[in-house]
Amino acid sequence: MWLYALRRILYAVPIALGVSIICFGLVFLAPGDPLGSLLPPDASQADIEYLRGVYGFDRPLPVQYFDWLMRVVSGDLGNSIQSGRPVLTEISHALMNTVLVSFGAVAVAFSIAFVLGTIAAYHLGTWVDRTVTGLSIAGVSVPNYWFGVVLVIIFAVEFNLLPAMGMGSGGSENFSIFEWEQLKYAILPIATMSLVPLGVIMRNTRSAVADVLSQDFVQALRAKGLGEWAVARHTIRNALPQVLAVMGLQFGYLVGGSILVETIFNWPGTGFLLGKAILTRDVPVVQGVVLVLAICFVITNLCVDLIQTAVDPRIKRG
Amino acid sequence: MTKHTFGRNLIRWGAAVALASTMLSPGAASAETVLRVAMTLGDIPAWTGQPDQGYEGYRFVGFNLHDGLINWDLSKSDREPALRPGLATKWEVDPANHKRWIITLREGVKFHDGSDLTPEVVAWNFARLTDKTTQGFDPAQFARMRTRASNIDHVEPLGANQVALFTKAPDSFTPFSLTNFLMISKKALEKANWDYAAYAKAPAGTGPYKFDKVVPHERLELVRNENYWDKDRIPKHDRLVLVPMPEATTRTAALLSGQVDFIEAPSPDTIPRLQSAGMTIVTNTYPHNWTYQVNMIDPPFNDIKVRQAANYAVNREDVAALLNGTGEPGYAMLPPSSRYFGHPVKYDFDPEKATALLKEAKCFPCEINVAMSTAGSGQMQPLAMNELVKSQLEAVGFKVNFNVMDWSALHDISLKGREAFPDIDAINVSRAPMEPYNGILGFVMKNRFAPNGPNWGWFSTDEIDALGAKAMETFDEPQRDAMVTKIHELTVAQAPMVYIAHDLNPRAMSPKVKGFVQAQSWFQDLTPIVVEP
C-alpha cells in the first residue's frame with residue numbers, strides 16, 4: 001500500500017512537469033499581450049518595450065520557462081501582474097473557497113445520487129428506474145450556469161431566502177461554515193455545482209449496483225438465506241469502489257472547472273481567479289492556477305485510488 | 001400600593017428603561033449608512049495611487065480616495081462637466097514660456113494620514129510617475145500614466161504654495177491631463193518603506209473617502225472623510241462598499257435581492273424587471289462612442305466612398321431600439337451634447353445611397369473583416385449589436401466577416417495598429433472622447449498613429465494635422481475649442497469610423513438611494529448620495 005502510494009506520487013512528478021510545460025506554452029500561444037491590460041490603449045512602443053523588460057517578457061521563452069520552473073520548485077509562483085501580490089497567496093485563498101463548495105457539492109451529490117441510484121438498480125425497468133434515469137440525464141444535460149441563475153431567481157430574487165452572490169459582508173476572510181449567517185452564502189453555489197456530479201454519480205451507481213446484483217454470488221447469498229438488507233450491504237460494498245472513483249473525478253472536475261458557476265455567484269474561488277487572469281492575460285496567475293489545479297487533480301486521483309484499495313480488498317496494488 | 005397601581009408603575013418603568021436604552025444605544029441612535037456598489041469590473045481597482053482598469057478604476061477608487069490638482073465638476077447632469085479647482089486653486093501657463101505652467105496649491109490640505117500637501121510632495125508625486133530613478137517609482141503606475149505623462153518633463157516646487165510644471169512641448173490641454181495625476185502621501189509610502197504592497201494596507205490620499213479595509217478581489221470599504229477640504233463634497237453616507245461583479249445577471253440579482261444598493265450597467269433586457277421591482281434606472285448622454293475604426297491605408301476603406309457607404313448603411317435608430325433605452329444613435333465621434341460637436345455632416349440611414357457609393361467605388365460586394373470582442377470595457381452589447389450592424393451592412397452590399405476574440409486580444413490589436421494586422425479592415429473598440437487631446441486629437445493626428453497612439457487606422461489629413469498642432473499651442477480657450485470643434489467636423493466628413501451608437505451609461509439603484517446626480521461623464525460623484533434606512 002505505502003509502496004503503491006509512493007510510486008503514484010513519483011508518477012505525479014513527470015505529470016506535473018508536463019502540465020507545467022503545456023500551461024506555460026499555451027499562455028504564450030494565445031493572442032493578446034500580458035502587458036496589454038496594464039498599458040493604456042495609446043501607449044507608445046517605447047513604453048511597451050520598457051515594461052517588457054521590467055516584467056521579464058523580453059527574454060526568450062525557454063529562459064522564461066526555466067526561470068519560472070526554478071522559482072516554482074522553491075515554492076515561488078511569482079507575482080500577479082495585475083495586483084502585484086504573490087501568486088501563491090492569491091491561489092491559496094481562492095483554492096480554499098473552491099474546495100469548500102466543490103466538497104460540499106460532491107458530498108450533496110453523492111448522498112442523494114447513491115441512494116437514488118441504488119433504488120433504481122433494485123427496480124430496473126420500472127417507473128422508479130425511469131424517473132431516476134431521467135433525473136440523471138437532466139443532471140448531466142442541463143448547463144449548471146443556467147441552473148444557477150434559475151436558483152438565484154427563485155431563492156434570492158423572488159423569495160429572498162438565500163443570498164444571490166458573494167461570501168457575506170466580511171468576505172472570504174471571515175467566512176465560517178459553522179455560522180448560518182455565512183454558510184447560507186454557500187448553499188446556492190453548492191446546489192448548482194452538485195447538479196452534474198449528481199447526474200453522473202446517480203447513473204454510475206445505478207449501473208454498478210445493477211451489475212453487482214446480476215452476479216452469481218448475489219444469488220448464492222440469497223440461496224444461503226441471507227436477508228435482503230444483508231445482501232444489499234454486500235452489493236453496495238462491491239459497487240462502491242467504482243462509484244468512489246467517479247466521485248473523485250467529479251471532485252477534481254469541480255475544483256478545476258468552476259469558472260462559470262463562480263462567476264455567476266461572485267464566488268472568489270480558483271475559477272473566478274482563473275477566468276479573470278485569462279481575460280487580463282495575467283500570465284503568472286494563469287500559469288500558477290493551472291499548475292496548482294493540475295496537481296490537485298493528480299492528488300485527488302491518488303486519494304481515490306488509495307480509498308478504493310482500502311474499501312475493496314480485492315484490489316491488490318502493492 | 002394596590003395591585004393595579006403596582007402594575008401601572010411597572011409598565012411605566014419598563015417603558016422608561018426601554019426608551020433610555022434605545023437612546024443610549026449607539027447602534028440605534030447612529031446606525032451607519034452604507035452605500036454598496038456593484039462595479040462591472042472583475043477585480044478591485046488598484047488603490048495605491050493611479051488606479052488600473054480604466055475610467056471605472058478612476059470613477060470608484062481613484063477619485064474617491066484621491067484628488068488631482070484639477071478635478072472634474074461632476075455636480076450637474078444637464079451639461080458636460082468642466083474642470084474645477086482641485087488641490088490647485090489656480091493654474092496658468094507662463095506667458096514667457098509656454099512649456100511652463102504655474103500652479104497654485106490649495107492651502108491647509110492634509111492627506112488621510114495627517115501629513116500636509118506641500119509643493120515638494122506634489123513634485124514628488126509627478127516624479128514617481130515619470131522618473132524611474134525616483135524613490136517610490138512603480139512600473140505599473142508608470143505604465144498606466146503613459147498617455148498623460150508622455151509630454152510632462154518635470155515639476156519643481158516654487159515657494160510656499162506653488163509648483164512649476166514643465167512640459168516637453170507646449171500643450172494647452174495640460175489641465176485636462178492633470179485631472180488624472182492623483183496625489184498620494186509621500187510620508188505614508190515612506191512609512192511603508194517605499195513598498196506599495198505595504199502601503200496598500202494604509203493608503204493615504206486627500207479624497208472625500210478614506211480607506212478602511214479590503215478583502216482582495218472581493219470588496220473594498222471606504223469611509224467618509226469628515227475633514228475633506230471641499231465641505232460641499234463630504235459624503236452624505238458613512239461607508240462606501242465597492243464590490244467587483246463582472247456578470248450583469250449577478251449584478252441584477254444582487255440588487256433585486258438587496259445585497260447591493262447601486263449597480264453599474266444592467267443589461268437592457270433586465271431593465272423592465274428592475275423597474276417593476278421599484279428600482280430607479282438612470283441614464284445620461286456622455287462621451288462614449290461605439291464605432292468601427294477603419295484601416296485608412298489599405299482597400300477597401302482607403303476609399304472615402306466605401307467609408308461613407310458604411311455610414312449610410314447603418315440604421316442607428318434600430319441599434320438604439322435594440323439597446324432598450326441604454327444607448328442612443330451615434331452619428332459622429334462625439335455626442336451632440338459635447339462642446340466640441342459643432343455641425344458635422346450627418347450620415348442619415350440611406351441604403352440606396354450606400355449601395356450606389358459601393359458600386360461607384362467598384363467594391364460590390366465589398367468584403368470586410370471586422371475584429372470584435374465578446375465583451376469588454378465599454379463594449380456595450382457587442383454580440384447583438386454587431387450582428388445587427390452586420391445585417392445592415394450586408395443589406396447594402398458589404399460582406400462582413402467577424403474575427404471574434406476576447407477583449408484582451410482585441411485590446412492588443414488596438415494597441416499595435418493596422419500595420420501589424422493587415423488582414424483586419426476595422427476594429428470595434430469603443431472609445432472615450434472625454435477630453436480633446438487623448439479623446440479627439442489622438443484619433444486624428446499623424447503623430448498618434450498606432451502603436452504610438454490610439455489612431456489605429458492611421459487617419460490623417462494635412463489640414464487636421466496643422467489645426468491639431470495649432471490647437472495645442474493655443475492657450476486662449478475659446479479659440480482653442482473652436483479649433484477642436486473644427487477638427488471634429490472635418491474628421492466626420494472623412495468618415496474614418498463607422499459611427500454607430502453612444503452609450504447612455506445605465507445604472508440601477510434601490511429606492512432607498514437618493515440624491516445621485518448622473519454627470520455626462522465616465523466619472524461620477526457618489527458623495528451626494530443619501531442612503532435611507
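Numbered from 1 within each chain, the chains take letters A, B, ... in sequence-line order. Since this is a predicted model, take the numbers as computed values, not measurements.
Of the atoms belonging to B/F142, it is side-chain heavy atoms, and not backbone ones, that fall under 4.5 Å from chain A. For B/V429, no part sits under 4.5 Å from any heavy atom of chain A, backbone or side chain. For a residue to count as touching a neighbouring chain, one of its non-hydrogen atoms must lie under 4.5 Å from one of that chain's; by this rule A/Y50 touches chain B with the side chain only. Proximity to chain B (any heavy atom under 4.5 Å) is shown, for A/F155, by neither the backbone nor the side chain. Within the 4.5 angstrom heavy-atom criterion, atoms from both the backbone and the side chain of A/P163 approach chain B. Contacts between B/V214 and chain A at a heavy-atom distance below 4.5 Å involve the backbone alone (N, CA, C, O). Looking at B/R219, the atoms closer than 4.5 Å to chain A (heavy atoms on both sides) all sit in the side chain, from C-beta outward. If you measure heavy-atom distances from B/K213 to chain A, you find no contacts under 4.5 Å at all. With a threshold of 4.5 angstrom between heavy atoms, A/I278 approaches chain B through N, CA, C or O but not through any side-chain atom.
For the set B/A46, B/P246, B/S257, the count of heavy-atom pairs under 4.5 angstrom toward chain A peaks at B/S257. Per-residue heavy-atom pair counts under 4.5 Å with chain A were compared for B/T249, B/D406, B/L256, and the maximum is reached by B/D406. Your options are B/A140, B/A197, B/A277, B/P216, and the one with the most heavy-atom pairs under 4.5 Å with chain A is B/P216.
In this structure, B/I427 CD1 and B/H411 NE2 are separated by 10.5 Å, a value rounded to the nearest 0.5 Å.
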Residue pair B/D52, A/Q82: steps toward the side chain to side chain contact (heavy atoms under 4.5 Å, CB included) verdict: CA-CA 8 Å; B/D52 58 351; A/Q82 291 298 312; 3.9 Å; yes

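The shortest non-hydrogen separation linking B/P454 to B/R431 is O-NH2, 3.7 Å.
Checked for salt-bridge contact, B/R239 and B/E221 meet the test: a charged N lies under 4.0 Å from a carboxylate O. With respect to A/R281 and B/D412, no salt bridge is recorded, no charged nitrogen being found less than 4.0 Å from a carboxylate O.
Applying the side chain to side chain donor-acceptor pair (under 3.5 Å) test to pairs two or more places apart or on separate chains, those with a residue in residues 155-178 of chain A are A/E158-B/R273, A/S172-B/E218.
Relative to the six-membered ring of B/Y437, B/R448 meets both conditions, a distance below 6.0 Å and an angle of at most 45° to the axis.
Taking the side chain to side chain donor-acceptor pair (under 3.5 Å) definition, one finds that B/N289 meets it with nothing, sequence neighbours left out.
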